[in-house]
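Worksheet for the structure shown next.
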Number of protein chains: 2
Amino acid sequence: MPCNKRRWHGKFREYGYRITVGRKEILDVLTNSKGHLSAEEIYLKVHEKHPSVGLTTIYRTLDVLVGIGLLQKFDFGDDRARYEIIDSVNEKGHHHHLICTECKKIIDYKDFIDEESEMLKKTEKFLSEKYKFEIKKHVMEFYGLCSDCKKRL
Amino acid sequence: MPCNKRRWHGKFREYGYRITVGRKEILDVLTNSKGHLSAEEIYLKVHEKHPSVGLTTIYRTLDVLVGIGLLQKFDFGDDRARYEIIDSVNEKGHHHHLICTECKKIIDYKDFIDEESEMLKKTEKFLSEKYKFEIKKHVMEFYGLCSDCKKRL
DNA sequence: CTAACTGCAAATTCTTTGCATTAGT
DNA sequence: ACTAATGCAAAGAATTTGCAGTTAG
């Protein structure tokens with residue numbers, strides 16, 4: 001994915017951020033993961049290749065990435081933030097989430113994504129006018145019990 | 001709101017929970033508030049009338065209320081949980097949120113709520129069949145900059 | 001060279017828990 | 001009476017911060 005690499009290199013320059021080994025590896029992990037990773041999970045993966053990178057750097061880099069719009073931060077109610085590379089950067093494309101409140105499993109879905117996105121866009125337009133709000137992101141999620149937990153309980 | 005009182009009294013009995021001074025006051029605060037209060041905010045309000053009620057009780061009661069389905073727990077990304085009495089209990093009715101990521105202001109909106117809810121219901125039905133998921137709640141929110149913060153920055 | 005970046009350890013903040021006491025039913 | 005509920009202080013857990021040493025450009 002050379003175009004991704006170019007994309008974030010550009011963003012980094014633009015904002016005056018430096019490109020370091022740690023940051024490269026973090027971006028790599030995020031790009032090649034299935035998404036919704038926690039800081040700790042990212043730390044562990046990065047640690048495999050670069051044991052010198054500490055958890056603090058992970059947090060700080062994630063902040064930077066969210067700040068320059070390469071990453072989206074989520075909260076699925078399990079007391080830790082989760083991160084996903086934004087849209088065009090990975091091949092997965094836009095999706096929404098289905099979250100099991102028991103085992104914390106997260107399912108990505110794209111069904112109805114176009115219809116949903118259209119609805120969201122329309123609402124977004126209306127709300128931004130009505131409330132003079134500059135909308136930066138939307139969240140649409142479903143919480144419940146996955147099939148396994150439903151059986152188990 | 002006598003019917004609300006009857007409603008939760010019933011729920012409490014049903015689950016074998018006792019009705020205490022603290023719990024009554026917490027329910028009262030939640031019912032008469034504009035929603036999306038944090039545990040601390042609830043604590044402060046309850047504290048005005050019943051200084052003997054501690055923060056721990058607030059947390060424990062909120063858990064109970066969420067458990068029996070009288071309360072919904074939210075996370076708007078400001079590192080503290082926020083709570084809202086569910087639908088039929090208060091007169092506000094179902095609504096969604098518009099959240100300012102700068103000043104943390106939360107705006108309730110009901111525009112398109114029917115259309116949105118219909119869409120959500122449809123998606124919900126589809127997803128629950130496809131993934132054998134038992135969907136308990138949905139979240140639809142917009143994050144961005146409110147008019148004040150947009151100006152200020 | 002110099003300002004950004006880093007790791008480490010300590011600090012913060014929200015929430016939970018253990019335990020002895022109090023109070024619904 | 002019996003057991004749930006409570007307050008308090010201590011514990012936990014995720015994230016942030018201060019600082020002195022390191023490194024990218």
Side-chain angles (χ1 to χ4, degrees), chain A residues 5 8-27 29 36-68 70-71 73-83 101 104, chain B residues 5 8-29 36-44 46-68 70-71 73-83 101 104:
Chain A
K5 193 156 280 177
W8 64 262
H9 271 233
K11 279 271 191 188
F12 268 55
R13 291 263 159 60
E14 180 186 334
Y15 285 84
Y17 289 123
R18 292 178 177 172
I19 294 167
T20 65
V21 191
R23 289 179 174 177
K24 258 192 271 196
E25 184 60 23
I26 292 171
L27 245 326
V29 165
H36 39 74
L37 268 64
S38 67
E40 177 116 34
E41 286 167 348
I42 294 163
Y43 168 69
L44 291 175
K45 291 210 183 211
V46 169
H47 204 261
E48 291 173 12
K49 279 199 187 167
H50 299 275
S52 63
V53 176
L55 187 52
T56 308
T57 296
I58 305 289
Y59 278 112
R60 283 195 275 229
T61 300
L62 293 173
D63 266 1
V64 166
L65 296 177
V66 170
I68 63 182
L70 286 177
L71 205 61
K73 188 176 182 178
F74 286 93
D75 199 305
F76 296 132
D78 62 344
D79 295 315
R80 75 207 60 212
R82 294 187 173 274
Y83 301 83
T101 48
K104 316 302 179 192
Chain B
K5 194 157 278 178
W8 63 262
H9 270 233
K11 278 271 190 187
F12 268 55
R13 291 264 157 58
E14 180 186 334
Y15 285 86
Y17 289 123
R18 292 177 180 175
I19 295 168
T20 66
V21 191
R23 288 179 176 176
K24 258 192 271 200
E25 184 60 24
I26 293 170
L27 245 326
D28 221 50
V29 165
H36 38 73
L37 269 63
S38 67
E40 178 117 34
E41 286 167 349
I42 294 163
Y43 168 71
L44 290 174
V46 169
H47 204 261
E48 290 173 13
K49 278 200 186 166
H50 299 274
S52 64
V53 176
L55 187 53
T56 309
T57 296
I58 305 288
Y59 277 112
R60 283 194 275 229
T61 300
L62 292 174
D63 267 2
V64 166
L65 295 177
V66 170
I68 63 183
L70 287 177
L71 204 62
K73 188 177 184 178
F74 286 93
D75 199 305
F76 296 132
D78 61 345
D79 295 316
R80 73 208 62 213
R82 295 187 172 274
Y83 301 84
T101 49
K104 317 301 180 193

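The analysis underlying the following values was restricted to heavy atoms, covering all of them including side chains, and did not include hydrogens, waters or symmetry mates. Throughout, a chain's letter reflects where its sequence line sits, starting with A, and its residues are numbered from 1.
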Atom-to-atom span, [atom1] of [X] to [atom2] of [N] - whole angstrom:
X: Ile58(B); N: dT17(C); atom1: CD1; atom2: C1'; result: 17 Å
X: Arg60(A); N: dT17(D); atom1: CZ; atom2: P; result: 10 Å
X: Asp78(B); N: dA14(D); atom1: CG; atom2: C1'; result: 15 Å
X: Lys24(B); N: dA23(C); atom1: NZ; atom2: C1'; result: 13 Å
X: Phe76(A); N: dA14(D); atom1: CZ; atom2: P; result: 17 Å
X: Arg80(A); N: dC14(C); atom1: CZ; atom2: P; result: 18 Å
X: Asp79(B); N: dA14(D); atom1: CG; atom2: C1'; result: 9 Å
X: Leu55(A); N: dA9(C); atom1: CG; atom2: C1'; result: 13 Å

Contact nearer the 5' end of DNA chain D, comparing Val53(B) with Arg82(A):
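Nearest-nucleotide comparison on DNA chain D picks Val53(B).
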OH-CD distance between Tyr43(A) and Glu48(A), expressed to the nearest 0.5 angstrom:
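Nearest 0.5 Å value for the OH-CD distance: 11.5 Å.
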Which one of Asp63(B), Val46(B), Leu44(B), Val29(B) satisfies the side chain to side chain contact (heavy atoms under 4.5 Å, CB included) criterion with Ile58(B)?
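Exactly one pass, corresponding to Val46(B).
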Is Tyr59(A) close enough to dT15(D) that one of its side-chain N or O atoms is under 4.0 Å from OP1 or OP2 there?
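So the side chain of Tyr59(A) is within the cut-off, an N or O lying under 4.0 Å from OP1 or OP2 of dT15(D).
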To the side chain of Arg23(A), which of dT6(C), dT15(C), dT15(D) is closest?
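For the Arg23(A) side chain, the nearest candidate turns out to be dT6(C).
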Could you check which of dA9(D), dT15(D), dT17(D) has an atom nearest any side-chain atom of Ala39(A)?
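Nearest nucleotide to the side chain: dT15(D).
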Tell me, yes or no, whether the heavy-atom count around Asp79(A) atom CG, taken from other residues, nucleotides or ligands under 6.0 Å, exceeds 12.
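No, CG of Asp79(A) has 12 or fewer neighbouring heavy atoms, counting only those of other groups under 6.0 Å.
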Contacting residues from residues 13-20 of chain A, given that a heavy atom lies under 4.0 angstrom of DNA chain D:
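Here the set is Arg18(A), Ile19(A).
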Whichever of Lys73(B) and Ser52(A) has its nearest DNA chain C nucleotide further upstream toward 5':
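In this pair, the answer is Ser52(A).
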Please check this pair: side chain of Arg23(B) against backbone of Arg18(B), looking for a donor-acceptor N/O pair closer than 3.5 Å.
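Checking the backbone N and O of Arg18(B) against the side chain of Arg23(B), a donor-acceptor pair under 3.5 Å is found.
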Quick one: does Lys11(B)'s side chain have a donor or acceptor within less than 3.5 Å of a partner on Ile68(B)'s backbone?
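Yes; judged by distance alone, with no hydrogens or angles, the pair exists.
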Of all residues at least two apart in sequence or in a different chain, which pass the salt bridge (charged side-chain N to carboxylate O under 4.0 Å, His left out) check with Glu41(B)?
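For Glu41(B), the residues satisfying salt bridge (charged side-chain N to carboxylate O under 4.0 Å, His left out) (neighbours in sequence not counted) are Arg82(B).
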Side-chain touch Tyr83(A)/Leu62(A), heavy atoms, less than 4.5 angstrom:
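Yes, at least one pair of side-chain atoms sits under 4.5 Å.
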